[in-house]
Structure formats: structure tokens, C-alpha cells
S.K.: 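Before I ask anything, here is the structure I am working with.
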Amino acid sequence: MSSHTVLEAQSVDDCIIDQKWDKYTKEDHAIWGTLFERQQKTLKGRVAQEYLDGLEALGIGPEGVPNFERMNARLRKITGWEVVSVPGLIPSRPFFQMLANRQFPAGTFIRSREQLDYLEEPDIFHDVFGHVPLLTNHAYADYMNEYGRLGLQAMERKAVKFLARLNWYTIEFGLIRKPEGVRIYGAGIVSSFGEAKYVAGDPSAHELAFDLERVLRTGYYIDDFQATYFVIERFEDLFDLLKAHDMMALVDAIRDKPTLTPFEILAEDEVIRRGSGEYWRQFPKTKTKLK
Ligand code: HBI
Ligand code: FE
């Protein structure tokens, strides 16, 4: 288990720490600046405009690590969300509870220069540069809030695995179709140098129209790029879908069906792009099991 994970805390308050913004070093701020500038270049013309609007609205820039207090003063006024500092990954219960409270848990540590391209667990760059800007978008913010409420229900029904897939294929690795083309919105792509380039320029992955049941059935590997990305039409669709379905009934209906791998395409899939699979030719690349 890595050094930043809070293992036993089950209550929200037990997971929250101070950001201690004054403790960040010049090097920390410089690493933030390097990551920020690099991603801006990689994302240009590929990321959803709503994401860029959020960066600007919150004043998140290359200058250095954002000060949560200052950022929250703006964020609260826009959608009522706030960012709270946590030491790293936290247990599912406080995680879901925070989202239900319109609180987004963000790590406070920043990766080292050696970890610029990949680190195992979310650092402040992944959480704040990746996740927070879209919390200024009302439709997406409402989805994140509803997702938290559903997560708490899922815990009672042993269905967290399915909510984790929904999280994976929207909040972390989601794409959205715009008139000008498919655009990135998932934080895991937005904050990753390698995966943003892969999504923007590599034809290997499938792009399928988002379908809730299909996403709940599709597993994922946590240690490599995606073989399939799901594409929504509007951020409003995410919230509307959750409200239109009895998620737990849907989970019960599919729970015993076989888990789909991210490599396959089903006859009923609406295929936006059939991937070449090239990147995955060397399969098994992954060293983890299907989630
Ligand atoms: N903790 N800090 C943090 N950030 C997450 O995204 C997170 C977490 N704990 C649990 C968790 N995500 C997953 O259980 C959900 O994505 C399903
Ligand atoms: Fe994340």
C-alpha cells in the first residue's frame, strides 16, 4: 500500500487534512508549472471547451500549485462545490459521502520529476488539473453529486464494482461528441501526458456511444491506456441517465452476466470508431486483473 493511502478512516472528517499551501516548495510549484504547460499543449483542440472554461473560471494556471481556499471561494459561488484536502486515496464510504456533500477530495502531494509521466495514485495535479475544472459545469457537477449518492447506495448492495466502472468510463476516461468532433473530458486522460496523446493520435482504441448497461458490464485495466472509450453527447445526459434508471435494479439484472473485456465490440454497440487494436497487439500488456 502506498504511503499516502488513508486505510481505516470511515468518516469524512477523519479523512480531511489541511492543504498547508505555504509548505509547497519552489520545486513543487515548478513541477506543477511543467505539468500544466505540457498538458495545455497536448490537450489543445482535443479537450471539451467546458473544461477550458472551468480552468479559467477558477484561475487555475501554470504559476504554481493552486491554493484551495482561494479556488474554493470561486468554485462555491459557481456550483456550490468545494475541494477538500485528503492524504491520497480514501475508502469508498467517505469518498462517496464527500461527493454527495458536493465536496471533492483532492490529494495535496505533487509527484516528483521522475514520476512526470505516470504515478500509481492520484496526486494534486491529477485531482485538481484533471477533475476540478469540470465541477464548474452545472450539468457535470450535478452528475458527480448524484454519483456520490448512488455510491452510498451501492455500498449497501455490494455494487461498488459497477459504480467504479461507471466512474472509470465517465469521470476518469470519458469522451464527449461535439459538432467539431470527439473531445476529451475524463480526468484520467486530461491529466495524463501519454494517454492524452494516445487518445488524440493513436487509432488503436474503440470509441463506442455511451450506454449505461454496457458500461456497467465492461471491465477495465488500471495500469494502461484504454482499449475502449465511451462517448456521451451532452454532459446533461450523464445526470439524466442516472435519474432515468433504477441503478440498483440495473445492477441486479446484469450482476451475473459475464464481465465484458474492453477489447470486444458487441453487435448492439453503436460504434463511433472501430479501433485498430495496434497498441494492444502486444497484449497482455497489463499486469493487473480485469476490474
Ligand atoms: N479516493 N481520494 C480519492 N479519490 C478517488 O477518486 C477515489 C478514492 N477512493 C475510492 C475511489 N475513488 C473509488 O472507490 C471510486 O472511484 C469508485
Ligand atoms: Fe481521479
Side-chain angles (χ1 to χ4, degrees), residues 1-17 19 35 39 47 51 54 68 81-111 115 118-135 140-141 143-174 184-196 215-216 218-223 225-226 229 238 242 247-248 251 288 290-291:
M1 194 59 80
S2 66
S3 59
H4 296 291
T5 303
V6 181
L7 279 175
E8 65 295 329
Q10 284 302 318
S11 82
V12 166
D13 291 345
D14 289 353
C15 294
I16 294 179
I17 59 172
Q19 183 189 12
L35 288 164
Q39 280 314 94
V47 72
Y51 169 83
F68 290 178
W81 274 79
E82 62 174 3
V83 175
V84 292
S85 307
V86 294
L89 283 175
I90 59 176
S92 290
R93 178 172 301 285
F95 174 73
F96 290 130
Q97 187 58 62
M98 285 179 186
L99 299 186
N101 302 342
R102 289 188 180 252
Q103 293 174 305
F104 186 82
T108 54
F109 75 97
I110 191 159
R111 68 192 74 179
Q115 298 170 303
Y118 180 77
L119 79 162
E120 185 150 281
E121 57 169 317
D123 71 335
I124 190 166
F125 185 76
H126 167 81
D127 281 331
V128 174
F129 182 86
H131 284 284
V132 172
L134 271 177
L135 290 174
Y140 184 82
Y143 168 65
M144 286 291 281
N145 185 231
E146 186 61 21
Y147 177 85
R149 271 198 286 276
L150 272 174
L152 291 171
Q153 276 181 39
M155 293 197 72
E156 306 311 315
R157 310 276 291 270
K158 303 231 171 324
V160 173
K161 176 174 82 169
F162 299 96
L163 267 285
R165 291 175 182 166
L166 181 58
N167 172 69
W168 193 263
Y169 285 115
T170 57
I171 299 162
E172 292 299 349
F173 295 99
I184 295 163
Y185 75 87
I189 314 172
V190 163
S191 63
S192 158
F193 183 58
E195 190 139 9
V215 165
L216 294 177
T218 307
Y220 57 92
Y221 295 103
I222 61 165
D223 62 344
F225 301 159
Q226 311 320 307
Y229 294 92
L238 290 171
L242 294 193
M247 184 66 74
M248 293 307 131
V251 166
T288 58
L290 192 62
K291 289 264 198 177

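Counting starts at 1 for both ligands and their atoms, following the listed order. Count residues from 1 along the sequence.
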S.K.: When you measure from the heavy atoms of Ser92 to every atom of ligand 1, does any distance fall below 4.0 Å?
M.R.: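 Ser92: in contact with ligand 1 (<4.0 Å).
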
S.K.: Taking the Fe ion (ligand 2) as the vertex, what is the angle from NE2 of His126 to OE2 of Glu172, given to 10 degrees?
M.R.: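 Result: 130°, to 10°.
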
S.K.: Is there a side-chain contact between Val84 and Phe104 in this structure, where contact means two heavy atoms from C-beta onward sitting under 4.5 Å apart?
M.R.: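 Result no, sub-4.5 Å side-chain heavy-atom pair not found.
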
S.K.: Please confirm whether Gly88 comes under 4.0 Å of ligand 1, counting heavy atoms of the residue only.
M.R.: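 Gly88 counts as a contact of ligand 1 under the 4.0 Å cut-off.
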
S.K.: Between the side chains of Glu156 and Arg93, is the shortest nitrogen-to-carboxylate-oxygen separation below 4.0 Å, so that they form an ion pair?
M.R.: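 Salt bridge present between Arg93 and Glu156.
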
S.K.: If we only consider heavy atoms of Asn167, is any one of them less than 4.0 Å away from an atom in ligand 1?
M.R.: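 Yes, Asn167 has a heavy atom closer than 4.0 Å to ligand 1.
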
S.K.: Counting heavy atoms only, which part of Phe104 comes closer than 4.0 Å to ligand 1: side chain, backbone, both or neither?
M.R.: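 No part of Phe104 is near ligand 1 at this cut-off.
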
S.K.: Between Trp168 and Tyr220, what is the ring plane arrangement, given parallel below 30°, perpendicular above 60°, and tilted in between?
M.R.: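 Answer is parallel, since the angle falls under 30°.
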
S.K.: Could you tell me which atoms of ligand 1, counted from 1 in the order shown, lie closer than 4.0 angstrom to a heavy atom of Tyr147?
M.R.: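 Close to Tyr147: 17 (C).
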
S.K.: So is Phe162 in contact with ligand 1, going by heavy-atom distances below 4.0 Å?
M.R.: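 It does not, in that no heavy atom of Phe162 comes within the 4.0 Å cut-off of ligand 1.
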
S.K.: Side chains of Glu195 and Gln226: is there a donor and an acceptor less than 3.5 Å apart?
M.R.: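 Looking only at side-chain atoms, Gln226 and Glu195 do form a donor-acceptor pair, the distance falling under 3.5 Å.
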
S.K.: Tell me which one of Ile171, Val160, Leu166, Ile90 gets a heavy atom nearest to atom 10 (C) of ligand 1.
M.R.: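 The nearest heavy atom belongs to Ile90.
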
S.K.: For atom 4 (N) of ligand 1, what is the nearest protein heavy atom, given as residue, atom name and distance?
M.R.: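 Ranking protein heavy atoms by distance from atom 4 (N) of ligand 1, first comes Phe95 CE1, 3.7 Å.
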
S.K.: Any side-chain to backbone donor/acceptor pair from Gln39 onto Val190? Under 3.5 Å, distance only.
M.R.: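 Indeed, once roles are kept as given, a pair shorter than 3.5 Å links the two residues.
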
S.K.: Between Gln10 and Asp14, is any side-chain donor less than 3.5 angstrom from a side-chain acceptor?
M.R.: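 The answer is no; no qualifying pair exists.
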
S.K.: So, Tyr147 side chain and Leu163 main chain: donor-acceptor pair closer than 3.5 Å or not?
M.R.: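 Present.
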
